[in-house]
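Note sheet for the following structure.
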Amino acid sequence: MLVAGVVILDANSLQVVESVVIQDTVEFPYIPGLFSFRELPPLVRAFKELKTTPQLVVCDGQGIAHPRRFGLASHLGVLFDIPTIGCGKTRLLGEYKEPAHQRGAYSPLIDQGEIIGGVLRTQPNIKPIFVSIGHGISLPTACTWITKLSPKYRLPETTRQADQLVNKVSAELNRSR
DNA sequence: GCGACAG
DNA sequence: ATCTTGTCGC
């Protein structure tokens with residue numbers, strides 16, 4: 001069983017505009033590099049229930065910072081033809097130097113001589129996150145957006161709100177069983 | 001063969 | 001992701 005959530009926030013106030021949570025049964029296991037095979041189906045189901053069409057999507061996973069340069073965020077962006085950003089808490093691949101300890105600073109994530117993403121410091125002296133292009137956006141613009149969406153915590157508000165919603169639902173789901 | 005490895 | 005205690009800080 002898997003619970004997937006999508007939360008839409010207003011870009012300026014960062015207040016929740018709409019949210020969708022679905023529960024699905026997935027058979028495909030988690031395999032690094034094949035994340036989409038497991039997470040995309042339920043995510044697509046959740047997206048189809050949205051009444052609002054998002055102008056930008058922040059995904060919990062990588063974009064082109066992927067062995068085939070096509071992670072979950074890239075996949076979702078192409079499917080719905082919507083700008084997307086891959087935003088992971090940990091690294092899938094690539095080498096990098098520690099970014100400056102200042103909010104908004106980021107250093108390039110490199111693989112095979114290519115810049116596949118940015119290691120972004122969203123909060124001063126806090127472990128950075130891994131940002132990469134998903135679809136229809138540049139890396140600098142993606143980093144600017146993620147920084148703007150993370151005014152107080154390490155992770156962007158979009159991800160935090162979605163996580164909280166999912167945890168809440170899955171918690172009361174267990175309690176009744 | 002060994003180590004690395006989004007969630 | 002999950003397991004898992006106390007602890008530090010706003």
Side-chain angles (χ1 to χ4, degrees), chain A residues 1-7 20-47 57-79 84-99 101 103 106-135 137 139 142-143 145-146 149-175 177:
Chain A
M1 189 60 76
L2 187 159
V3 177
V6 176
V7 173
V20 169
V21 185
I22 64 136
Q23 103 181 34
D24 207 349
T25 51
V26 297
E27 70 305 318
F28 204 87
Y30 164 68
I31 299 175
L34 301 183
F35 197 35
S36 291
F37 286 24
R38 177 185 174 75
E39 302 285 325
L40 201 58
L43 220 39
V44 169
R45 282 189 51 197
F47 264 72
V57 177
V58 177
C59 299
D60 188 352
Q62 314 294 336
I64 63 173
H66 176 276
R68 299 277 103 72
R69 305 290 184 262
F70 206 69
L72 180 66
S74 311
H75 220 143
L76 197 62
V78 170
L79 273 183
T84 60
I85 297 174
C87 186
K89 295 179 286 295
T90 61
R91 180 192 72 98
L92 172 57
L93 56 75
E95 304 113 43
Y96 63 95
K97 292 178 182 175
E98 182 82 355
H101 291 278
R103 173 175 149 73
Y106 69 94
S107 55
L109 179 63
I110 299 172
D111 180 54
Q112 303 289 118
E114 301 178 76
I115 294 180
I116 60 175
V119 185
L120 175 68
R121 190 87 64 183
T122 54
Q123 287 301 315
N125 297 336
I126 295 300
K127 180 201 293 185
I129 59 178
F130 299 78
V131 177
S132 58
I133 291 173
H135 178 71
I137 194 169
L139 182 58
C143 287
W145 269 111
I146 296 302
L149 294 171
S150 315
K152 191 170 170 52
Y153 301 98
R154 179 187 177 227
L155 299 179
E157 286 304 306
T158 42
T159 300
R160 297 187 64 252
Q161 295 298 328
D163 279 345
Q164 287 179 26
L165 180 58
V166 169
N167 290 325
K168 173 189 171 188
V169 171
S170 43
E172 43 194 47
L173 200 58
N174 295 314
R175 196 189 317 164
R177 166 168 70 70

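Just so it is clear, the model here is predicted, and its values are computed rather than measured.
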_Whether S74(A) side chain and H135(A) backbone form a donor-acceptor pair below 3.5 Å_ = no
*Ignoring hydrogens and angles, tell me if any N or O in the side chain of Q123(A) forms a donor-acceptor pair with the backbone of S150(A) under 3.5 Å.*
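Yes, because the side chain of Q123(A) sits within donor-acceptor range (under 3.5 Å) of the backbone of S150(A).
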As an exercise, state the distance from [atom1] of [X] to [atom2] of [Y], rounded to the nearest 0.5 Å.
{"X": "H75(A)", "Y": "H66(A)", "atom1": "NE2", "atom2": "NE2", "result": "9.5 Å"}
{"X": "E95(A)", "Y": "I116(A)", "atom1": "CD", "atom2": "CD1", "result": "8.5 Å"}
{"X": "R160(A)", "Y": "D60(A)", "atom1": "CZ", "atom2": "CG", "result": "13.0 Å"}

*Y96(A) six-ring centre to R91(A) NZ/CZ under 6.0 Å and within 45° of normal*: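 Judged by the rule (NZ or CZ under 6.0 Å from the ring centre, within 45° of its axis), R91(A) is not positioned above Y96(A).
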_Residue mapping more 5' on DNA chain C - nearest nucleotide basis, K152(A) or N167(A)_ = N167(A)
_Non-hydrogen side-chain atoms of F47(A) and L79(A) separated by less than 4.5 Å_ = no
*Would you say R38(A) and L2(A) make side-chain contact, with heavy atoms under 4.5 Å?*
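The answer is yes, as the side chains (C-beta and beyond) meet within the 4.5 Å cut-off.
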*If a protein heavy atom is under 4.0 Å from the base, mark B; if only from the sugar-phosphate, S; if neither, -; do that for nucleotides 2-7 of chain B going 5' to 3'.*
--SBBB
*Quick one: stems involving DNA chain C, counted as three or more successive Watson-Crick or G-U pairs, both distances short of 3.5 Å.*
none
*If pairs are Watson-Crick or G-U with both distances under 3.5 Å, what is the dot-bracket string of DNA chain B, marking crossing pairs with [ ] and pairs to another strand with |?*
.......
_What is the distance, to the nearest angstrom, from the OH atom on Y153(A) to the P atom on dG9(C)?_
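It works out to 17 Å between those atoms.
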*For I115(A), does the CD1 atom have more than 12 heavy-atom neighbours from other residues, nucleotides or ligands under 6.0 Å away?*
no
_Tell me if the CZ atom of F70(A) is crowded by more than 12 foreign heavy atoms within 6.0 Å._
yes
